[in-house]
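For reference, the structure discussed in these notes is given below.
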Number of protein chains: 2
Amino acid sequence: MTQSRSRTLAELIRESFDELTRAERQLANLILENYPVSGMGSITAIAKASGVSSPTVARMARKLGFPGFPAMQAALKDELKATISDPIVKHDQLAEGAPDTHILNQFADAVLENMRQSLKRIDPALFDNVVALLSDSGRAVHVTGGRITHTIARYFFTHMQVIRSGLNLIDSGSNTWPHYVLNMNAGDILVVFDIRRYEHNLIRLAEMASGRGVTIVLFTDQWGSPVAKHAQHTFNLRIEVPSAWDSSVTTLFMVEALLAAIQTNTWDETRGRMKTLEQLFDKTKLFRKFS
Amino acid sequence: MTQSRSRTLAELIRESFDELTRAERQLANLILENYPVSGMGSITAIAKASGVSSPTVARMARKLGFPGFPAMQAALKDELKATISDPIVKHDQLAEGAPDTHILNQFADAVLENMRQSLKRIDPALFDNVVALLSDSGRAVHVTGGRITHTIARYFFTHMQVIRSGLNLIDSGSNTWPHYVLNMNAGDILVVFDIRRYEHNLIRLAEMASGRGVTIVLFTDQWGSPVAKHAQHTFNLRIEVPSAWDSSVTTLFMVEALLAAIQTNTWDETRGRMKTLEQLFDKTKLFRKFS
DNA sequence: CTTATTGTGTATAATATTTTTCATTGGCGC
DNA sequence: GCGCCAATGAAAAATATTATACACAATAAG
């Protein structure tokens, strides 16, 4: 991974193809043939594959202007990196008028990258499985989180309550949480949010729940909470930002996406519940008519 | 270049992520981060890049079922070969393996667009002003939100409590909120979260607070809550997603960015508070030492 | 709190890779 | 045909990479 060259190796080879000797052309053809993968092996492998000797490979690398074969391969890897990496986050300044160094832009960069990386490593099957699980109205759903993540847990709880019945929010902070375990039955689901600074209480809770045959869905960070040992479904999300704290944005995103999917899935039941809720809101005059 | 495996290395890593140790996870993250290019270097290079030792890399290769590191890398190269030569594979998909129409990708698109649009509209000066305002320890800060946004308000409150003193969380849902107004003095700040389905209570609360000379900071949607009439600083954020509900992701992002900025701004005071908090946590043994 | 277990990095040995050296081959002009 | 010179590969030397051994640290268990 050295300096980035203006020309690709392929261009370089084509340009100097005239100056290449017989054996070198043979080699050049191999490299271009399945570009750039063919150039990924060791010098010995490449030499053997193209039917030339390893010194020939090294000599060509020199001829093309590299200090040696490893440098040429490094250039090839850099190229590949540039090709593979998708341009989703390649945004120009987000908050207009603010310099790149403004914390708003720095933060935005970090959060977008977190989302991109998190999405990349989510298995869609995992997502679909969890959606199906949480859509099953036969299973009670218990939700809990740590000191910070409890707000996310509550967010999930509040929305899920609209979607379906059988929801319980467990306050892991208090000493009363063992009581909640009593209400858990085999087949129930425990949704745990546990992000860095993994809390003892949550691990114990997961252990106990697991012992009672409860299926555990875990939202944790890229390093993984110890709760994962007991969880059947684990979401590993990126949470790092330039701040003294971790970011919950990706976690919230995942929760919202799940909610949207579950809601779609259980629309028949949900529709009725939402309608009823609306009527209740009307009666309590909680909201403005419109605005 | 060995046999082609049924599962990709990425899948293999994700599958056995639970069984991986701390250092191995660190390494796994690096490999997945810029997959598969990050795994192309030498074992030494990979070890250095992920901050672990080379034996750890070799050990993980074994753990994943390969005879050694070179075999794992060979598998990776094979994968790359297969991927590159298949022009159908799209690299810009967010959740790999999920079609464009999968709700996860649709949701991600919407959320990312929301963030871009919201950031474009934010005046950095507004941001900076609010940071300065909330950094002023002479002013008490009152925080409140609606039915859904209350969790975001609580999130803000929890973190701000670490940063500074003089924080109050107002439960707008109960009937007791007028009591809170009694505690507000001229120069205080009221942070209001009010997203679509603007609630009566919040408007009244803002009116009253405004009457007492309280400065109001409002987080609302692109259409604007009526609270804006009384607010000195208003953040208009995009919140629409393909779901029955609005998204709070952008709002949470804004809150976190603010917290990071304020925390940086008041570091002298905050540092002491965080240290004290750590010691309290130690005493209560709330967290695991590390993991 | 102490002891076992597991995880981790440093140092080192084993192995593979890359480069250099140098003898051989083959083309080309005379 | 003969001699010159670039091209090439075999083999060895230099270098880098990978695997192992072992000691220390962290964690879990008693």
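Quick note on labels: first sequence line is chain A, next is B, and so on, each numbered from 1. Since we're looking at a predicted model, the values are computed, not measured. Quick note: numbers below take in every heavy atom, side chains included, and nothing from hydrogens, waters or symmetry partners.
- Residues satisfying the ring-ring contact (aromatic ring centres under 6.0 Å, His included) criterion with Phe219(A), sequence neighbours excluded, are Phe193(A), Phe235(A).
- Rounded to whole angstrom, the span from the CD atom of Glu19(A) across to the P atom of dA6(D) amounts to 16 Å.
- In this structure, the side chains of Asp246(A) and Val241(A) stay at 4.5 Å or more apart for every pair of heavy atoms.
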Distance-only check: which donor-acceptor pairs under 3.5 Å involve side-chain atoms of residues 39-53 of chain A, not counting sequence neighbours?
{"unit_1": "Ser42(A)", "atom_1": "OG", "unit_2": "Thr44(A)", "atom_2": "N", "d": "3.4"}
{"unit_1": "Ser42(A)", "atom_1": "OG", "unit_2": "Ala45(A)", "atom_2": "N", "d": "3.1"}
{"unit_1": "Ser50(A)", "atom_1": "OG", "unit_2": "Ile46(A)", "atom_2": "O", "d": "3.0"}
{"unit_1": "Ser50(A)", "atom_1": "OG", "unit_2": "Ala47(A)", "atom_2": "O", "d": "3.4"}
{"unit_1": "Ser53(A)", "atom_1": "OG", "unit_2": "Thr56(A)", "atom_2": "OG1", "d": "3.1"}

Worksheet item: Along nucleotides 11-29 of chain C, 5' to 3', which nucleotides get a B, which get an S, and which get a -, given that the test is a protein heavy-atom distance under 4.0 Å?
Response: ------SBBB---------
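- Of the residues in residues 21-32 of chain A, those lying under 4.0 Å from DNA chain D by heavy-atom distance are Thr21(A), Arg22(A), Ala23(A).
- Smallest separation of non-hydrogen atoms from Glu11(A) and Thr8(A): OE1-N, 3.0 Å.
- If you take NE2 of His200(A) and P of dA28(D), they are 8 Å apart, rounded to a whole angstrom.
- At a threshold of 4.0 angstrom between heavy atoms, the contacts of Val57(A) with the nucleic acid are absent.
- When the P atom of dA29(D) is taken as reference, atom NZ of Lys229(A) falls 8 Å away, rounded to whole Å.
- Using a 4.0 Å cut-off, some side-chain N or O of Thr56(A) falls inside it from OP1 or OP2 of dG9(D).
- Shown here are the ring-ring contact (aromatic ring centres under 6.0 Å, His included) partners of Phe107(A), two or more places apart in sequence or in another chain: Phe253(B).
- By the 6.0 Å contact criterion, CZ on Arg164(B) is enclosed, its count of non-hydrogen atoms from other residues, nucleotides or ligands being greater than 12.
- Under a 4.0 Å N-O distance rule, the pair Arg139(A)/Asp136(A) qualifies as a salt bridge.
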Which side-chain N or O atoms in residues 57-71 of chain B pair as donor and acceptor under 3.5 Å with protein atoms at least two apart or in another chain?
{"unit_1": "Arg62(B)", "atom_1": "NE", "unit_2": "Pro67(B)", "atom_2": "O", "d": "2.8"}
{"unit_1": "Lys63(B)", "atom_1": "NZ", "unit_2": "Glu19(B)", "atom_2": "O", "d": "3.2"}
{"unit_1": "Lys63(B)", "atom_1": "NZ", "unit_2": "Glu24(B)", "atom_2": "OE1", "d": "2.8"}

